[in-house]
Amino acid sequence: MAESLGLATVKEKPRPQQHPLPPLPNAERYPRIHVRFAPNPDSVIHLGNSRAAILSDEYAKIYRGIFTLRFEDTSPSIKPPQPEAYEAIKEDLKWLDVRWDNEVIQSDRLPVYYDYAERLLRIGGAYICTCPVDRFRELISEKKTCPCRDLPVDEQIARWRGMLEGEVKKGGAVMRVKTILDHPNPAIRDWPAMRIDTKPHPRIGTRYRVWPLYNFASGIDDHLLGITHILRGKEHEVNMARQKFMFEYFGWEYPEAIHYGRLKIEGTVLSKSKIRAGIESGIYESWDDPRLGTISALRRRGFMPEAIRRLILEVGVRPSEATISWENLSSINRKILDPVSKRYIFLADPKPMSLEGIEKEFEVSIPIHPDHPDWGSRRFKIGLGSRIIIQSSDLISTKTRKTPYLRLMNLFNVEITPSGSCRFHSEGIAEARSIGAPIIQWLPEGAGTPISVVKPDASRDPGLVDSGVIGEALPQVFQFYRYGFVRVCRSGNSLIGYFAHS
RNA sequence: GCCCCCAUCGUCUAGCGGACUAGGACACAGCCCUUUCAAGGCUGCGACAGGGAUUCGAAUUCCCUUGGGGGCACCA
C-alpha cells in the first residue's frame, strides 16, 4: 500500500528510464528490511551472481534496510574456497557500488551449526543416518524408511558425538532432516544437513571435521541473522521447500523469498565450473579474460558499474529466464560513456602515405569531445613534405567504391591516385560532400604510439593511437573515432586496449 | 522416470478482467542533424505459444497440450 508512493520518495537517485522495482512482499510486516548476498568464495562473481547483489542492494537502499554479505564456504572438498576469492568478491561488489552493513563467514560459525544440529536431533527433527548412500537412495525412492530414522534420541546424540569426535569415518554418517517419506517430490525427502569432510579448510584448517550442507547452514543463518527477504535464483525453490521443514521444527517463520529466473548473456558462458575448466585447459587467460561474463572481465573491458546495474534493474525479478544480448548491455554502457568519453584517434593496421600537391601549411584541431569544446582539442600541423598515416581499410575502400576521394577529418580532401599516392584535392567540407568523400581519421607521421586492442573474442587489432593518450590518467575508457569505446591501460612500457563495443 | 517453476515484438521489458487498434528499450529500415561508421531527433517494422473453460468482456483467472528452465548431491 505505502509502497508505490513510498518507493518514489525514498529512492535516493531516481532513474527516470528505469522500471521501478516492485515492492517487496509483506514489507510492512517488518520493522526493518534485511537482505543478504551469499556468494560461495570458490571463485569470482559474474553477471548472473551480481544480480542478487544488485537487487538486494537496491532494495536495501529503497527501504533503508540492512544488507549482509555472507560467504558460504562450507564445502572444503567439493567447492574448495579460494583464499583470494573473499577479497576479490568484495572488490567486485564495491566496484558495483554494492554496500553492505555486515559481513559473515560461515566457516567461522561451525559451533553455531553444531548447536542447532544437536537441538534438532533432540527435538526429533533430524537423525544420524549411517546407511550407505546408495542404500538410502534406494529406500527413499521407494518411500521407505531408513532404519536410522526411528532410533531413540539418545542413540542419535551418541552417533552425533561419534561424528564430531572422529569415531565415524568420512562418509560413514550424515545428519538428515526428517521431512515426509512419501513427499511427491523425491528431492525433498529427508534431506542431508551435516556431513563429514576432513579436507583442510583454507581458512580454518582441520579444526572441524563435520560441515553443514547448504540448506542447513543457509537456513540457520537466514533465521539467526534476521534476514527478512531473500533474493535468489529459481534453482533454490526446492531448497526453500526443504528448509521450511527445519523452520517448522524450530518454530521459526521462513523469510520472504523471491526467486528470479536464470540470467544468461548471449554467447557467453556464465558457469563458474566451465570458466574454471576453460582457464585450467588454457582456453581462457584468466578470470577476467575479455570473452567471459565475470564482473572483472566486464570491468576490464570498460563496462561501467552503472550500466550493469541498469541492466539488472531492467531485467527485474521475474521468475522467467532471460537471455540478455551484448547489444543491450553495450547500448546502456554507450549512453553512459558517450557524453563523458574523450575522443582520440586510433588507426588499425596503419598505412603511412606521402602527401602530394600541398602548397601551404595547414593547422588542424580535432576536438577531444565534439560536444565539449572547452575540453580542448588535438592540434596538428601539416605542410610541405608532411606524411600522414591512415587505416589500410580506408585506403582499400577507395578502390572498392566509385570515388577515389577521402576527407581527412578536420584537414582537407584527398584523392587516391591509381598509382596509390595521396594527392591534395580540396579543402572544404562542402567539396567533400559533393565528391562523396567519406570522412576518415588520420594522424601525422610520428604522432602515434603503438597499441594493441584486444577484441571481445580475444583477437587483437594492432595499430597506432594518438600519443596524447599517454598524458591521460590510465586506465581510462576513450572513444576512438570511428572505431568504438576502448579501455586503455599501460602494460609495461607499451599500451594495451580492451575493446568494449562500438 | 518423479517433482517444481516459467511462457508478451528477433532480444529485454510494461501490462496485474474493460483506459490494449498491447506501451517502452535494444536491434533493424528510412529520413533529419552531424567534419566519428558515436551520440541526438522523427518515422517505420514487429508479440500476447496452441486449445478449451469462466465472464457481458481475458494478454490478464482456471484446465489441458506444447515448448523452455531447474531439481531428485555426503555442492552452493
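Naming convention: chains lettered A, B, ... in sequence-line order (proteins, then strands); numbering from 1 in each chain.
Pairing for B:rA25 goes to B:rU11, judged as Watson-Crick or G-U wobble with the two contacts each under 3.5 Å. Pair assignment for B:rG67 gives B:rC6, based on Watson-Crick or G-U wobble hydrogen-bonding distances that are each under 3.5 Å. Judged by Watson-Crick or G-U wobble contacts below 3.5 Å, the nucleotide B:rC62 has B:rG52 as its partner. Using the Watson-Crick or G-U wobble rule with both distances under 3.5 Å, B:rC72 pairs with B:rG1. Look at B:rC31: its Watson-Crick or wobble partner, with both distances under 3.5 angstrom, is B:rG41.
Atom C1' of nucleotide B:rA27 and atom CZ of A:Arg334 are separated by 10 Å, given to the nearest angstrom. Rounded to whole angstrom, the span from the CG atom of A:Leu263 across to the C1' atom of B:rU11 amounts to 13 Å. Counting to the nearest Å, the C1' atom of B:rA39 and the NZ atom of A:Lys342 are 19 Å from each other. What separates NE2 of A:His259 from P of B:rC5 is a distance of 12 Å, to the nearest Å. Nucleotide B:rG68 holds its P atom 18 Å from the CZ atom of A:Arg318, rounded to whole Å. For the pair A:Asn328 CG and B:rC9 P, the interatomic distance rounds to 15 Å; values are reported in whole Å. Between A:Ile312 atom CD1 and B:rU13 atom P there is a gap of 11 Å when expressed in whole angstrom units. In this structure, the CD atom of A:Glu314 is 14 Å from the P atom of B:rU11, given to the nearest Å.
A:Ser320 and A:Arg318 share a side-chain donor-acceptor pair at under 3.5 Å. A donor-acceptor pair shorter than 3.5 Å can be found between the side chains of A:Trp326 and A:Thr268. Residues A:His369 and A:Arg343 have side chains that bring a donor and an acceptor to within less than 3.5 angstrom of each other. Between A:Ser107 and A:Arg203, the side chains place a donor N or O and an acceptor N or O closer than 3.5 Å (distance only, hydrogens not considered).
Comparing A:Ile332 and A:Gln391 by the nucleotide of RNA chain B that holds the closest heavy atom to each, the one mapping nearer the 5' end is A:Ile332. With RNA chain B read from its 5' end, the first of the two nearest nucleotides for A:Ala322 and A:Ser393 is the one closest to A:Ala322.
With C1' as the reference atom, B:rU54 and B:rC62 are 7 Å apart, rounded to whole Å. Taking the P atom of each, B:rG24 and B:rC32 are spaced 24 Å apart, rounded to whole Å. Distance check on atom P: B:rG67 versus B:rU43 gives 42 Å, rounded to whole Å. Here the separation of B:rU66 from B:rA14, taken at their C1' atoms, is 26 Å to the nearest Å. Comparing the C1' positions of B:rU11 and B:rA27 gives an interatomic distance of 8 Å, to the nearest angstrom. Look at the P atom in both B:rC16 and B:rC75: the space between them is 46 Å, to the nearest Å. Nucleotides B:rA39 and B:rC45 have their C1' atoms positioned 23 Å apart, rounded to a whole Å. On the C1' atoms, B:rC42 is 38 Å away from B:rC6, given to the nearest whole Å.
Ring-centre distance between A:Tyr405 and A:His425: below the 6.0 Å cut-off. Residues A:Tyr114 and A:Tyr208 place their aromatic rings such that the two centres sit under 6.0 Å apart. Not less than 6.0 angstrom separates the ring centroid of A:Tyr481 from the ring centroid of A:Tyr344. Between A:Phe499 and A:Phe485, the distance from one ring center to the other does not fall under 6.0 angstrom.
For A:Glu103 and A:Lys90, the salt-bridge test passes: some basic side-chain N is under 4.0 Å from an acidic carboxylate O. Note on A:Glu431 versus A:Arg407: no salt bridge recorded, every NZ/NE/NH1/NH2 to OD/OE distance being 4.0 Å or above.
Residue pairs satisfying the salt bridge (Lys or Arg N to Asp or Glu O under 4.0 Å) criterion with at least one member in residues 170-188 of chain A, sequence neighbours excluded, are listed as follows: A:Lys170-A:Asp197.
Of the candidates B:rU13, B:rC6, B:rU11, the closest approach to any side-chain atom of A:Ser325 belongs to B:rU11.
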What does the list of N/O pairs under 3.5 Å between the protein and nucleotides 32-36 of chain B look like, with a distance for each?
{"residue": "B:rU35", "atom": "OP2", "partner": "A:Arg433", "partner atom": "NH2", "Å": "3.3"}
{"residue": "B:rU35", "atom": "O2'", "partner": "A:Asn410", "partner atom": "OD1", "Å": "3.4"}
{"residue": "B:rU35", "atom": "O2", "partner": "A:Arg407", "partner atom": "NE", "Å": "3.1"}
{"residue": "B:rU35", "atom": "O2", "partner": "A:Asn410", "partner atom": "N", "Å": "2.5"}
{"residue": "B:rU35", "atom": "O2", "partner": "A:Asn410", "partner atom": "OD1", "Å": "3.3"}
{"residue": "B:rU35", "atom": "N3", "partner": "A:Arg407", "partner atom": "NH2", "Å": "2.8"}
{"residue": "B:rU35", "atom": "N3", "partner": "A:Asn410", "partner atom": "N", "Å": "3.4"}
{"residue": "B:rU35", "atom": "O4", "partner": "A:Arg407", "partner atom": "NH2", "Å": "3.2"}
{"residue": "B:rU36", "atom": "O2", "partner": "A:Gln479", "partner atom": "OE1", "Å": "3.2"}
{"residue": "B:rU36", "atom": "O2", "partner": "A:Arg482", "partner atom": "N", "Å": "3.1"}
{"residue": "B:rU36", "atom": "N3", "partner": "A:Gln479", "partner atom": "OE1", "Å": "2.6"}
{"residue": "B:rU36", "atom": "O4", "partner": "A:Arg343", "partner atom": "NE", "Å": "2.8"}
{"residue": "B:rU36", "atom": "O4", "partner": "A:Arg343", "partner atom": "NH2", "Å": "2.7"}

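Across all strands shown, A:Asp394 has heavy atoms under 4.0 Å from base atoms, whether or not it also approaches the sugar-phosphate.
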Sugar-phosphate or base contact per nucleotide [nucleotides 69-76 of chain B; S, B, -; heavy atom under 4.0 Å]: SSBSSBBB
